[in-house]
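Beneath this line is the structure, given in structure tokens, with notes to follow.
The structure presented is a predicted model; accordingly, all values stated were derived computationally and were not measured. Proteins get letters first, then strands, A, B, ... in listed order; numbering begins at 1 in each.
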2 protein chains.
Amino acid sequence: MYIVRVNMTTGKIKVEPVPEKYKILGNRGLVARITYDEILPTCNPIGPRNKLIIASSPMEGVGITCAGRISVGGKSPLTGGAKEANSGGVAGSRMACHGIRAIIVEGRPENKRLQILHINKDVMELVDAEDLRGKGTYATTHTLLERYGKSAAVISIGPAGEQMLGASGVFVNDMEGDSGRAAARGGVGAIMGAKYIKAIVIEHDGNFKRQVQNEAAFKNVRMKLHKAILSNPGAAFYTKMGTMGFMMPVHALGAMPTKGFTEGTWDRVEEVNGERYLEEIAKRGGEGKPIHACMPGCIVRCSNIYPDKNGKKIVSPLEYESGDLLGPNLCIDDLDSIAEMTYLCNDYGLDTIEVGVALGVAAHAGIFVWGDKKRARELIDEIGKGTYLGKIIGSGAVTVGKVFGIDKVPAVKGQAMAAYDPRGVKSMGVTYTMTPMGADHTAAVTFRTPIDHFHWEGAIDVSRNIQVTVAFYDTYFCSFIARGIGPADTYLLVELFNQVLGTKYTDTSFMSEIGKDTIKYERMFNIAAGVNEEWVPEFMRDEPLIPHGRKSDIPESEYARYWDTEFWGEFPPMPARL
Amino acid sequence: MYIVRVNMTTGKIKVEPVPEKYKILGNRGLVARITYDEILPTCNPIGPRNKLIIASSPMEGVGITCAGRISVGGKSPLTGGAKEANSGGVAGSRMACHGIRAIIVEGRPENKRLQILHINKDVMELVDAEDLRGKGTYATTHTLLERYGKSAAVISIGPAGEQMLGASGVFVNDMEGDSGRAAARGGVGAIMGAKYIKAIVIEHDGNFKRQVQNEAAFKNVRMKLHKAILSNPGAAFYTKMGTMGFMMPVHALGAMPTKGFTEGTWDRVEEVNGERYLEEIAKRGGEGKPIHACMPGCIVRCSNIYPDKNGKKIVSPLEYESGDLLGPNLCIDDLDSIAEMTYLCNDYGLDTIEVGVALGVAAHAGIFVWGDKKRARELIDEIGKGTYLGKIIGSGAVTVGKVFGIDKVPAVKGQAMAAYDPRGVKSMGVTYTMTPMGADHTAAVTFRTPIDHFHWEGAIDVSRNIQVTVAFYDTYFCSFIARGIGPADTYLLVELFNQVLGTKYTDTSFMSEIGKDTIKYERMFNIAAGVNEEWVPEFMRDEPLIPHGRKSDIPESEYARYWDTEFWGEFPPMPARL
């Protein structure tokens with residue numbers, strides 16, 4: 001398989017075989033390694049030395065479910081550290097059909113003209129894209145699918161990414177041709193914008209063929225894996241409810257961010273929760289779908305299509321993070337508004353989490369009134385249009401706090417918290433504090449682990465173990481497969497890996513090894529970049545979360561053991577800083 | 001002597017004797033220790049756990065020159081680390097007359113009403129100051145001098161500090177009653193604003209008496225010291241030229257920030273340099289003064305009063321940093337405009353350095369056109385008025401870069417560089433990188449050291465030695481005394497310290513011990529706060545500075561020896577983080 005290396009300074013594109021040391025790595029694990037190996041940790045995230053890295057999975061292309069995601073990463077404009085954000089959509093499958101494990105974009109064009117990177121079986125080229133400047137991701141994607149064929153993948157940024165805003169993400173088209181799949185977090189859209197890449201188009205005409213070790217044995221283990229997932233209640237929950245199903249359990253723990261992270265429950269939650277959303281989809285019919293696959297071959301199908309009252313699609317998907325942070329977090333009690341804001345964020349190329357939290361901070365600053373859904377939409381429009389206020393909000397929650405002098409900013413390492421208040425679920429505070437990613441729930445969502453979430457005892461271990469597990473799955477699959485493969489079924493991965501990657505594993509210990517390695521490389525990059533652990537913000541340590549009155553109270557001594565080499569093994573050396 | 005502790009949450013004021021361990025410390029050294037001992041390193045700089053610390057010198061009050069400065073500090077809203085900024089004016093002398101070594105303001109008032117802290121021999125009280133909200137520092141100061149007597153000290157913030165902006169400073173009145181003396185850097189105005197203290201008024205009616213060991217011996221050494229300073233050519237240079245005299249030497253090295261730190265020399269420099277400014281003051285007469293003391297008893301008198309064409313004072317003082325960063329750095333070639341902008345910054349309570357650099361970044365973003373002095377003034381007005389654009393610029397250079405997607409941001413650790421491009425004077429890159437203060441020239445101005453400033457060899461040692469020396473002088477005197485006391489005269493300080501502080505020093509080694517200790521406490525606070533060394537920004541490593549074509553190129557291996565315990569001795573333990 002190959003790495004496509006695009007130098008924006010020279011305009012040259014090179015194709016390199018995947019080096020031996022990256023052979024079995026994809027997605028987050030590969031992004032972590034390339035970041036560590038190639039990016040100067042002290043570079044400016046929007047400068048020429050940062051790199052935009054897009055990686056696919058080595059499991060994709062042989063009919064395994066949940067292997068079609070892509071990871072987008074580099075040095076984060078928000079955290080200043082290693083960043084990986086991942087997305088569904090068709091891009092992983094299109095990269096795989098050309099045998100492309102990763103695309104690395106480096107340098108910066110002197111003329112600052114937007115470009116498209118266009119790939120099909122015959123060409124790899126940069127094409128001027130100034131005609132698409134300022135266009136939303138939906139229009140960009142539709143235009144490019146028109147131009148290059150409906151089955152192409154389009155990885156694009158919107159006006160937010162062009163503006164290099166901290167809240168900007170990278171968007172991928174789904175099977176319907178809409179750019180609703182977001183590698184949202186950490187400002188990865190700004191990295192792409194700083195490379196002046198408006199979109200990457202990968203046509204569906206590749207004929208790269210993967211070899212497995214033994215076709216029959218491979219098909220057998222693949223079938224067993226798919227069966228295991230299909231019979232797993234964890235996967236069934238995702239299929240039925242999607243992530244919107246998280247709302248009530250998180251609410252039950254009193255940890256659902258409400259009114260700018262001042263409350264953990266909401267008396268109007270039933271207006272916007274997962275049950276209500278299913279009801280609305282069922283009632284409205286039309287284009288709505290409660291069950292929907294975000295990428296080819298997915299059997300979990302946690303996605304959805306949310307329709308308006310006339311059955312016309314508003315957006316796909318509606319997720320819990322957007323649902324809460326653009327909903328209860330802003331005291332907005334209307335699913336249609338939340339769906340419309342999600343659409344706007346996707347179109348402008350924005351992370352709904354960063355935007356939702358930033359709007360909450362803006363509300364604390366008096367920029368808008370809780371529950372004012374019209375004004376909330378206008379403010380998202382301002383980001384897209386690039387007004388001064390829009391640029392402030394689009395720069396993320398921490399910038400809003402700085403500019404308006406607000407200290408109630410739910411963020412860690414420059415990045416807004418996801419929709420789990422760490423006062424309600426103590427171990428989420430560990431995730432936010434210790435992951436190299438900043439306040440990123442994708443590093444380890446812990447609320448489902450059956451422990452006492454009201455007290456910190458055990459929180460370190462729960463989060464750390466899940467972080468390692470997720471870092472492994474993030475390297476090959478959609479991390480939701482981690483819920484779909486029960487502990488009793490992980491042995492299937494030994495055979496699967498040996499078949500597809502030619503490894504000689506005899507037990508599942510490789511899983512945690514790969515997960516740990518990924519985090520260790522990310523951490524060492526961060527240390528060189530000057531990014532350290534950052535605690536949950538002061539206000540969460542001092543102000544009790546309504547209504548349960550809990551604070552973030554994990555003692556420093558607990559954190560001190562987090563990076564024990566007894567758990568992690570040896571760390572790689574710190575990369576050079578100059 | 002005493003520490004006045006003001007709790008804004010409860011409104012209580014306590015007077016405590018200076019603890020034994022702080023007995024011989026004042027100003028920066030004392031701020032460093034209190035910061036380390038009392039401030040939670042991970043607190044929010046504008047939250048209730050940060051503290052505003054104002055310290056005077058233990059050398060003040062016994063007629064020693066240059067001992068009347070105050071230090072203002074706490075956890076910096078810009079750098080996130082330990083911060084000390086100092087200022088002349090009459091506050092040091094007024095604190096000393098009441099025996100006040102330090103004022104520590106903690107907590108936060110729930111009602112968020114602005115207060116005055118009023119101190120005279122009979123009362124220490126908080127007085128409502130909502131009537132002064134939004135008022136500039138000049139009007140605030142004039143109002144309060146009217147109310148409390150002309151000889152009082154007024155330590156105030158302007159609208160910038162009230163807005164808790166990163167570029168806000170703390171301002172002190174001079175002997176003419178104008179608030180032109182700035183503890184400018186690091187956003188200390190925001191710390192004061194976050195405590196809701198609009199001003200601290202200290203009347204001149206204290207009758208605290210200092211005892212020296214032996215009056216005759218003390219007077220003798222004091223006289224010798226003053227004579228030494230008066231006969232020193234270093235001091236004479238300051239007296240004659242003030243800091244505006246730095247412009248041509250820095251220009252000669254090709255290190256004078258020009259056009260947003262893209263060039264190091266300017267063909268119009270003679271319109272705005274020190275020679276020109278002296279000429280204008282002489283020509284215009286009236287209230288203008290080329291030689292002016294910023295505080296009572298100063299015999300160096302590096303300050304000045306810059307008049308307009310009719311001889312009416314525009315501002316006092318005009319300093320090199322403002323002169324360059326609001327002048328050549330913005331391609332503004334007009335001293336009167338620079339003086340007027342300086343006045344505006346003082347009045348709004350802004351750091352001219354942070355504002356000048358932020359405007360340069362804004363110019364790179366196309367917000368204004370190089371040389372447009374009218375627009376530059378308007379933008380400073382926008383900061384004062386608190387428009388969205390004003391708040392962005394007033395949040396400092398790094399925020400302007402983030403919000404507008406500009407990577408050419410001359411800042412380190414969140415704080416804008418002073419008027420020495422580190423590509424032109426390599427050792428200034430060491431100062432900016434290694435001082436716990438961020439890109440702060442006051443930590444060590446190195447350009448006068450007679451070494452080859454074009455190459456990095458020796459740069460570490462030059463900067464490190466000066467940093468230690470300055471940290472010592474900053475703890476007792478105006479750091480300009482360091483230029484006024486030649487190496488052959490430092491022995492006088494042994495006797496002076498023994499007389500005033502009751503120490504038993506036998507040689508001058510205590511100077512570097514105190515300087516090192518100060519920096520070591522600042523550093524350990526920073527480490528606990530997660531603030532590490534940050535290199536000079538990438539663009540300075542990659543883009544040659546016009547016209548000499550030099551880059552910032554000190555290798556990491558050189559930096560590696562900076563914190564050698566062989567040089568520093570043992571460091572204090574890291575303070576607790578939670």
Segment of A:T42 engaging chain B (4.5 angstrom heavy-atom cut-off):
both
Which atom pair, heavy atoms only, marks the closest approach of A:V403 to B:L165?
O-CD2, 3.7 Å
Which atoms of B:I406 are under 4.5 Å from chain A, going by heavy atoms: the side chain, the backbone, both sets, or neither?
backbone
Gap between atom CD1 of B:I392 and atom CG of A:L389 - 0.5 Å precision
8.5 Å
Contact listing (chain B partner; residues 75-83 of chain A; heavy atom under 4.5 Å)
A:P77
For B:F539, which atoms come within 4.5 Å of any heavy atom of chain A: side chain, backbone, both, or neither?
neither
Structural part of A:L40 lying under 4.5 Å from a heavy atom of chain B
side chain
Which atoms of A:A576 approach chain B - backbone, side chain, both or neither, heavy atom under 4.5 Å:
both
Shortest non-hydrogen contact between A:L578 and B:E556, atoms and distance:
N-OE1, 3.4 Å
Value for NZ (A:K402) from CD1 (B:I46), rounded to nearest 0.5 Å, stands at 8.5 Å
Should B:Y388 and A:I393 count as side-chain neighbours, where that means a heavy-atom distance under 4.5 Å?
no
Test of understanding: with salt bridge (charged side-chain N to carboxylate O under 4.0 Å, His left out), list the residues that count as partners of B:R108, not counting sequence neighbours.
A:D407
Check whether B:E538 reaches the backbone of A:G47 with its side chain - one donor and one acceptor, N or O, closer than 3.5 Å.
no
Ordered numerically, the heavy-atom neighbours of chain A under 4.5 Å found in residues 525-537 of chain B are B:G530, B:N532, B:W535
Only counting residues at least two apart or in another chain, list the ones meeting salt bridge (charged side-chain N to carboxylate O under 4.0 Å, His left out) with B:K426.
B:D553
